[in-house]
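Quick notes on the structure that follows.
A note on names: the letters A, B, ... follow the listed sequences, proteins ahead of strands, and every chain is numbered from 1. From a predicted model like this one, the values you see are computed outputs, not experimental measurements.
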There are 2 protein chains.
Amino acid sequence: MEQILPHLDSVFSIDCVLFGFDGKELKILLIERNEEPFKDWWALPGNIVGADESLDQSAARILYELTGLRGIFMEQYYAFGDPNRHPQGRVITLAYYALIRLGGDKEVRPISNYAKRANWLPITDLPKLAFDHQKIYDKGLEKIKRRIKHQPIAFELLPEKFTLTQLQHVYELVLGKKLDKRNFRKKIVSFGVLKELDEKQKGVSYRAATLYRFDKRKYAKLFGKEISF
Amino acid sequence: MEQILPHLDSVFSIDCVLFGFDGKELKILLIERNEEPFKDWWALPGNIVGADESLDQSAARILYELTGLRGIFMEQYYAFGDPNRHPQGRVITLAYYALIRLGGDKEVRPISNYAKRANWLPITDLPKLAFDHQKIYDKGLEKIKRRIKHQPIAFELLPEKFTLTQLQHVYELVLGKKLDKRNFRKKIVSFGVLKELDEKQKGVSYRAATLYRFDKRKYAKLFGKEISF
DNA sequence: ATTACTTAGTGTAAAAATTACACACTATAT
DNA sequence: ATATAGTGTGTAATTTTTACACTAAGTAAT
């Protein structure tokens, strides 16, 4: 984000709310700033849009630099441009959210000159954020709440193969409320975008659940029809 | 829009899709450009964001300069920033839509140095647009299609007092499909945000319909509950 | 005053979707 | 074998959505 302050009239940046799900909690990736303003505060990762980058490319780059991940689902959702949102000058920022399956292989590796460190923090217990980043985060959460009701974005937070209980768990965390198990299954299956696999969950000390996969083909065919939770 | 091209690395502008309803058709306000690039083409009105303006303020100013109207409902909906979207340099633009009741008092008065003239053109018959403005418009229409299903924005296109048939007409034009009269009335009334007036339509050569008004108070009370069409 | 015309305004039955709700089954661990 | 923890399933009641057509009210013309 707003770490660099060239003497231009205005700066255009992108800030990202990276939502991660580790099987248990919904988290976002925050960086601890190493520079003024807001030194030592937690902030959303962001950066200035490069001269030859599209907006989506820029967002993907920012995410890559911070996590080493590519091919992550990201979407812009709101531009913040209050003249006073940055204490040192005019910075208009476009917010993106990203959805990431955590807890496997890849570690977050914060290699950034303006960040001390980066951490996945549960959204249920966030620190105070720098700039207007609380507002940006709030709007991002709002956005995915609406999105998850109509678009198949929940799968982006899960491994390729998942159980229906895990899927329900994602919905519950994002929507912030409990859902009925039987009704949830009935509905989600009725959309016809899940493929039931001949495979069971492994490594659990109880009856293993059936694994499912999101079937992009079927979804593409449905396109136009509205999914609705 | 992008008429001025200072020698900056990047320019940040706002483009507006002004939807107007005159009781019959849904129209948008387009300007005919007087300068290269795209001289003589039709384009969405837009301008560069001023140094001390918020984004919403800037959008409101652009609308005011073109129409003389203030206090119009506007909302940002998408940022377009392809590096090649403007032939002469990097211009990132944020798109707003506005909803305007046409056909009364106020005339559109295009006083702009870069426009020959401005015209309300029916969305059913639009000319080719400059830059990527077709894409911007398409996305704007998409946006209000979704919005009108969940938020009470239809009223912005109507006079303060309107008939249910007029309201239905707005929905039909935006959604691009016919709706059933009885079901429409049942539903819209069931939301409980309309106030039936003791007043009838005037100046029609047939039975006058009852007038209604959008009741902001009632709507505010419902806030949180979702309207759904 | 009669008539023709145009839109307003209304109800119901069938179908579909949503909700609320509880227990037996399966696998593992001890 | 037993305890434990989560899987997986059905139904009835309610609500919502859909499809559908005629009478009433007012205006205009004769």
Side-chain angles (χ1 to χ4, degrees), chain A residues 21-25 148-150 154 158-159 161-173 175-213 222 224-229, chain B residues 21-25 148-150 154 158-159 161-173 175-213 222 224-229:
Chain A
F21 179 63
D22 61 4
K24 295 216 175 76
E25 288 177 302
I148 206 171
K149 289 185 179 180
H150 302 291
L158 289 167
K161 300 170 182 180
F162 52 84
T163 71
L164 294 183
T165 300
Q166 288 166 348
L167 182 58
Q168 181 176 346
H169 196 183
V170 167
Y171 271 88
E172 288 179 339
L173 285 173
L175 296 176
K177 66 177 181 192
K178 286 261 170 227
L179 300 171
D180 178 86
K181 183 155 94 166
R182 278 179 287 193
N183 294 339
F184 177 83
R185 285 166 180 237
K186 215 184 306 175
K187 190 156 201 177
I188 206 89
V189 167
S190 79
F191 291 154
V193 299
L194 293 185
K195 185 179 173 64
E196 184 175 349
L197 303 177
D198 280 336
E199 221 174 319
K200 300 276 170 186
Q201 201 177 17
K202 279 185 184 153
V204 289
S205 69
Y206 47 79
R207 175 180 179 183
T210 302
L211 291 170
Y212 288 77
R213 171 188 308 216
L222 291 180
K225 288 187 195 174
E226 240 185 55
I227 281 179
S228 196
F229 234 89
Chain B
F21 179 63
D22 60 4
K24 295 217 175 76
E25 288 177 301
I148 206 172
K149 289 186 180 179
H150 302 290
L158 290 166
K161 299 171 182 180
F162 52 83
T163 70
L164 293 183
T165 299
Q166 288 166 350
L167 182 59
Q168 180 176 347
H169 197 182
V170 167
Y171 271 89
E172 288 179 339
L173 285 173
L175 296 176
K177 66 178 181 194
K178 285 260 169 229
L179 299 172
D180 179 86
K181 182 156 94 168
R182 280 179 285 194
N183 293 339
F184 177 82
R185 285 167 180 238
K186 216 184 306 175
K187 190 156 201 176
I188 207 89
V189 167
S190 79
F191 291 153
V193 299
L194 293 186
K195 185 177 173 65
E196 185 175 348
L197 303 177
D198 280 337
E199 220 174 319
K200 300 277 169 184
Q201 203 176 16
K202 278 184 185 157
V204 290
S205 68
Y206 46 79
R207 174 178 181 184
T210 302
L211 291 170
Y212 289 77
R213 171 189 309 218
L222 291 179
K225 289 188 194 173
E226 240 185 56
I227 281 180
S228 195
F229 233 90

Inset, instruction - Could you work out which one of D/dA5, D/dT9, C/dG11 sits closest to the side chain of B/Arg182? - result: C/dG11

Legend entry - Distance, rounded to the nearest Å, where A/Phe184 contributes CZ and C/dC21 contributes C1': 18 Å

Legend entry - Comparing A/Asn183 and A/Thr163 on DNA chain D - which has the more 5′ nearest nucleotide: A/Thr163

Legend entry - Donor/acceptor link under 3.5 angstrom from B/Lys181 side chain onto base of C/dT10: no

Inset, instruction - Could you verify whether a donor N or O on one side chain and an acceptor N or O on the other, from B/Ser228 and B/Lys149, lie under 3.5 Å apart? - result: no

Inset, instruction - Specify the separation, in whole Å, of atom CG of B/Asp180 and atom C1' of D/dT16. - result: 15 Å

Inset, instruction - Report yes or no: is the cationic atom of A/Lys187 (NZ for Lys, CZ for Arg) closer than 6.0 Å to the six-membered ring centre of A/Phe229, at no more than 45° off its axis? - result: yes

Inset, instruction - For A/Leu164 and D/dT9, give me the distance from atom CG to atom C1', rounded to whole Å. - result: 12 Å

Legend entry - Protein-nucleotide distance (B/Lys202, atom NZ; D/dT27, atom C1'), rounded to Å: 16 Å

Inset, instruction - Round to the nearest Å and state the distance from A/Gln201 atom CD to C/dT26 atom C1'. - result: 13 Å

Legend entry - Any A/Thr210 side-chain N or O less than 4.0 Å from OP1/OP2 of D/dG8: yes

Legend entry - Between P of D/dG6 and NZ of A/Lys200, the distance in whole Å: 17 Å

Legend entry - Side-chain H-bond candidate by donor/acceptor type, A/Ser190 with A/Arg185, under 3.5 Å: no

Inset, instruction - Can you tell me the distance, in whole Å, between the NZ atom of A/Lys178 and the C1' atom of C/dA20? - result: 17 Å

Inset, instruction - Indicate, with a heavy-atom threshold strictly under 4.0 Å, whether B/Thr165 touches base, sugar-phosphate, or nothing. - result: sugar-phosphate

Inset, instruction - Record whether the side chain of A/Arg207 comes under 3.5 Å of the base of D/dA5 through a donor-acceptor pair of N or O atoms. - result: no

Legend entry - Main-chain N/O of A/Leu158 paired with A/Gln166 side-chain donor or acceptor, under 3.5 Å: no

Inset, instruction - Please report the shortest heavy-atom distance between A/Leu173 and A/Lys24, naming the atom on each side. - result: CD1-O, 3.4 Å

Inset, instruction - Ignoring backbone atoms, test whether A/Arg185 places a side-chain nitrogen or oxygen under 4.0 Å from the OP1 or OP2 oxygen of D/dG8. - result: yes

Legend entry - Polar pair under 3.5 Å, donor/acceptor by atom type, side chain B/Lys187, base D/dT18: no

Inset, instruction - May I have the distance from A/Leu194 (atom CG) to D/dG8 (atom P), rounded to whole angstrom? - result: 13 Å

Inset, instruction - Establish whether the base of D/dT11 is bridged to the side chain of A/Lys186 by a donor-acceptor pair shorter than 3.5 Å. - result: yes

